[in-house]
Amino acid sequence: MGSIRIGWLVLIGLVFGAAGWLVNWWATRNGYPTPSLPLSSLLTIAVVVAVTLVFGLRVRRWRAGNRKRVLDPILAARTVVLAQATAYAGALTTGWHAGILADQLTLVGVRSNLGPLWGSLAVIAGGIVMIAVGLIVESFCRLPPDDEAGSDTTRESGEGEYA
């Protein structure tokens with residue numbers, strides 16, 4: 001299983017930022033509402049972040065030596081997948097709402113309602129938290145590389161396996 005690639009996070013953010021800007025530009029100029037998530041979506045983001053952190057902390061606790069209970073390998077694998085999905089969803093959310101924010105900034109002078117602007121900023125902050133938690137929890141799940149002395153295999157620096 002590969003690890004989260006920062007380049008992919010940036011690419012997803014840029015692509016969905018351009019898409020968000022384009023869709024928002026078209027929607028606002030044709031009388032449609034801003035295509036952004038409502039502020040209640042921050043509750044969903046908070047739940048996803050909390051669940052990801054709870055599972056990540058269980059794996060981290062086991063990794064740190066608290067092995068009173070056996071760690072289910074399927075749980076550890078699912079935690080890695082959840083962490084990666086959280087980071088990629090955060091990149092998508094951040095990019096989309098950054099595109100909306102960029103278009104909304106051009107309308108500040110003519111618009112009295114700044115709700116979509118502040119809403120986009122709030123969801124961008126939530127997306128950044130999702131990316132950070134995804135990266136942190138993925139690092140919780142990574143085992144340190146084995147001692148390579150006497151081993152014929154070599155790994156890239158910092159590459160360990162997942163718990």
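Numbering starts at 1 and runs along the sequence shown.
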I want to check something: taking the side chain as every heavy atom from C-beta on, are [X] and [Y] in contact at a cut-off of under 4.5 Å?
{"X": "L37", "Y": "W96", "value": "no"}
{"X": "R69", "Y": "R58", "value": "yes"}
{"X": "V123", "Y": "S36", "value": "no"}
{"X": "S139", "Y": "R60", "value": "no"}

Answer with yes or no whether the hydrophobic clustering places [X] together with [Y]; edges join I, L, V, M, F, W, Y residues whose side-chain heavy atoms lie under 4.5 Å apart.
{"X": "V15", "Y": "V23", "result": "yes"}
{"X": "I131", "Y": "I6", "result": "yes"}
{"X": "L42", "Y": "L92", "result": "no"}
{"X": "L105", "Y": "I124", "result": "yes"}
{"X": "I45", "Y": "L39", "result": "yes"}

Flag, side chain of [X] to backbone of [Y], donor-acceptor distance under 3.5 Å:
{"X": "R63", "Y": "F140", "result": "yes"}
{"X": "W21", "Y": "F16", "result": "no"}
{"X": "T94", "Y": "A91", "result": "no"}
{"X": "H97", "Y": "A125", "result": "no"}

Would L9 and Y88 count as a side chain to side chain contact (heavy atoms under 4.5 Å, CB included) if you check the C-alpha gap in whole Å, the side-chain angles of each, and the deciding distance to 0.1 Å?
CA-CA 6 Å; L9 292 175; Y88 287 120; 3.4 Å; yes
[X] to [Y] - nearest heavy-atom pair and separation:
{"X": "I100", "Y": "S120", "value": "CG2-OG, 3.3 Å"}
{"X": "M130", "Y": "A89", "value": "CE-CB, 3.8 Å"}
{"X": "C141", "Y": "T79", "value": "SG-CG2, 3.7 Å"}
{"X": "I4", "Y": "Q84", "value": "CG1-CG, 3.5 Å"}
{"X": "Q104", "Y": "N24", "value": "NE2-ND2, 3.2 Å"}
{"X": "A87", "Y": "G134", "value": "CB-CA, 4.1 Å"}

Regarding T52 and T86, is there a side-chain donor-to-acceptor distance under 3.5 Å anywhere?
yes
Give a yes or no on this: more than 12 heavy atoms of other residues, nucleotides or ligands lie within 6.0 Å of atom CZ of R29.
yes
Option among L75, V81, I74, L82 that satisfies the side chain to side chain contact (heavy atoms under 4.5 Å, CB included) test with R78
I74
Look at the aromatic rings of W26 and Y32 and report parallel, tilted or perpendicular, splitting at 30° and 60°.
parallel
